[in-house]
2 protein chains.
Amino acid sequence: MKKITIGEAARQSGVKVPTVRYYESIGLLAAPSRSEGNQRSFEPADISRLAFIRHARELGFEIEAIRTLLTLQDDPHQSCASADAIAKARLVEVEQRIRSLMALKAELETMVEGCGHGRVDQCRVIEVLADHGQCTHSHH
Amino acid sequence: MKKITIGEAARQSGVKVPTVRYYESIGLLAAPSRSEGNQRSFEPADISRLAFIRHARELGFEIEAIRTLLTLQDDPHQSCASADAIAKARLVEVEQRIRSLMALKAELETMVEGCGHGRVDQCRVIEVLADHGQCTHSHH
DNA sequence: TCTTGCACCTCTAGTCACTAGAGGATGTAG
DNA sequence: CTACATCCTCTAGTGACTAGAGGTGCAAGA
């Protein structure tokens, strides 16, 4: 019976206040009931949902993927094959992203090590950027 | 003396045609001379500059960082300390990003492994998302 | 009771780095 | 000369928010 304000919901879920309103506006969260003075009044289930969304966002899932995941969660008798597929796809993406960031890290290290803190014309940072500019290496 | 069209510049630099125009519009690339019929005519130096930008973008540098890097490149008698600082900051970011992606990968693996391809109410993917939802772990 | 002051409301516009599309002009090969 | 690719400018859209203007609601202290 205690009314949960948007500020409280934000604090408990870790989602910012304007973001909660944004999620409502795009239909990721059902519009909550309102107080006499037109203020949103959330229920505990909304907090869990917001926390779910936040966690999924932190894991890098896109809003549309989260929408699917939430639909699945709303109907627990469905097969979880799609949830599994979404997570697997994300795993592949993440593995790819890690690989390319490792390559990038190596490249940045070469730059930074090579920089003797002299003038720009001897600078490895600029040089590496310019030199590799000609190459056609694959993008993410 | 041979005129380089925007299409040719795009092909040689690996930057797409509309993106070349976009870079010109934000002042990252000087406006090139024009043909009688108002078509852009680039010089070889523009191609190098575009390739430099492309490479830096692939390495995840932001446009404003690239703008600084380009200013530095334009005046090679400056100290390269700022180029070095930019690259170092980026390296720290990348290392952090790799660390959090590794954690994410582990979490996704738990999800996917645990999924017995049954119904949603036994699904690890949904469960992990919902359970960790309550926790307050640091973001990106 | 009044008033201070924070939290809430809606709405629009801005962010970043492009990308897409409309509607029209130019340049080149056959 | 006629296709047709390529070019031009312009506006608007993307994702996932974030910021700000201008106003209302509400709880606590004087």
Tyr23(A) side chain, from C-beta outward: closest of dA27(D), dC17(D), dT19(C): dC17(D)

Candidate nucleotides dG25(D), dT19(C), dA17(C), ranked by approach to the side chain of Ile63(B) - the nearest: dA17(C)

Atom-pair distance ([atom1] on [X]; [atom2] on [N]), nearest Å:
X	N	atom1	atom2	value
Leu29(A)	dC17(D)	CG	P	13 Å
Arg67(A)	dA16(D)	CZ	P	10 Å
Glu24(B)	dA17(C)	CD	C1'	17 Å
Gln39(B)	dG24(C)	CD	P	18 Å
Ile4(A)	dC26(D)	CD1	P	17 Å
Glu8(B)	dG27(C)	CD	P	17 Å
Leu28(A)	dA16(D)	CG	P	10 Å
Tyr22(A)	dG20(D)	OH	C1'	19 Å

Looking at [X], does any N or O in its side chain come under 4.0 Å of the phosphate oxygens OP1/OP2 on [N]?
X	N	answer
Arg40(B)	dT9(D)	yes
Arg21(A)	dC9(C)	yes
Lys16(A)	dC17(D)	no
Thr5(A)	dC8(C)	yes

NZ/NE/NH1/NH2 to OD/OE distance under 4.0 Å, Glu95(A) and Arg99(A): no

Under-4.0 Å salt bridge between Glu24(A) and Arg21(A): no

Gly37(B) or Pro18(B), whichever maps to the more 5' nucleotide of DNA chain C: Pro18(B)

Pairwise 5' ranking along DNA chain C for Glu64(B) and Asn38(B), keeping only the more 5' one: Glu64(B)

Contact check, side chains of Arg40(B) and Arg34(B), non-hydrogen atoms, under 4.5 Å: yes

Heavy-atom side-chain contact between Lys105(B) and Leu91(A) under 4.5 Å: yes

Step-by-step side-chain contact (heavy atoms from CB on, under 4.5 Å) determination, Tyr22(B) to Leu28(B): CA-CA 9 Å; Tyr22(B) 169 69; Leu28(B) 217 52; over 6 Å; no

Toward the 5' end of DNA chain D, by each residue's nearest nucleotide, Thr19(A) or Ser35(A): Thr19(A)

5′-ward residue of the pair Val17(B)/Ile53(A) relative to DNA chain D: Val17(B)

Tell me what [X] touches on the nucleic acid: a base, only sugar-phosphate, or nothing, going by heavy atoms under 4.0 Å.
X	result
Glu36(A)	nothing
Arg57(A)	sugar-phosphate
Arg34(A)	sugar-phosphate

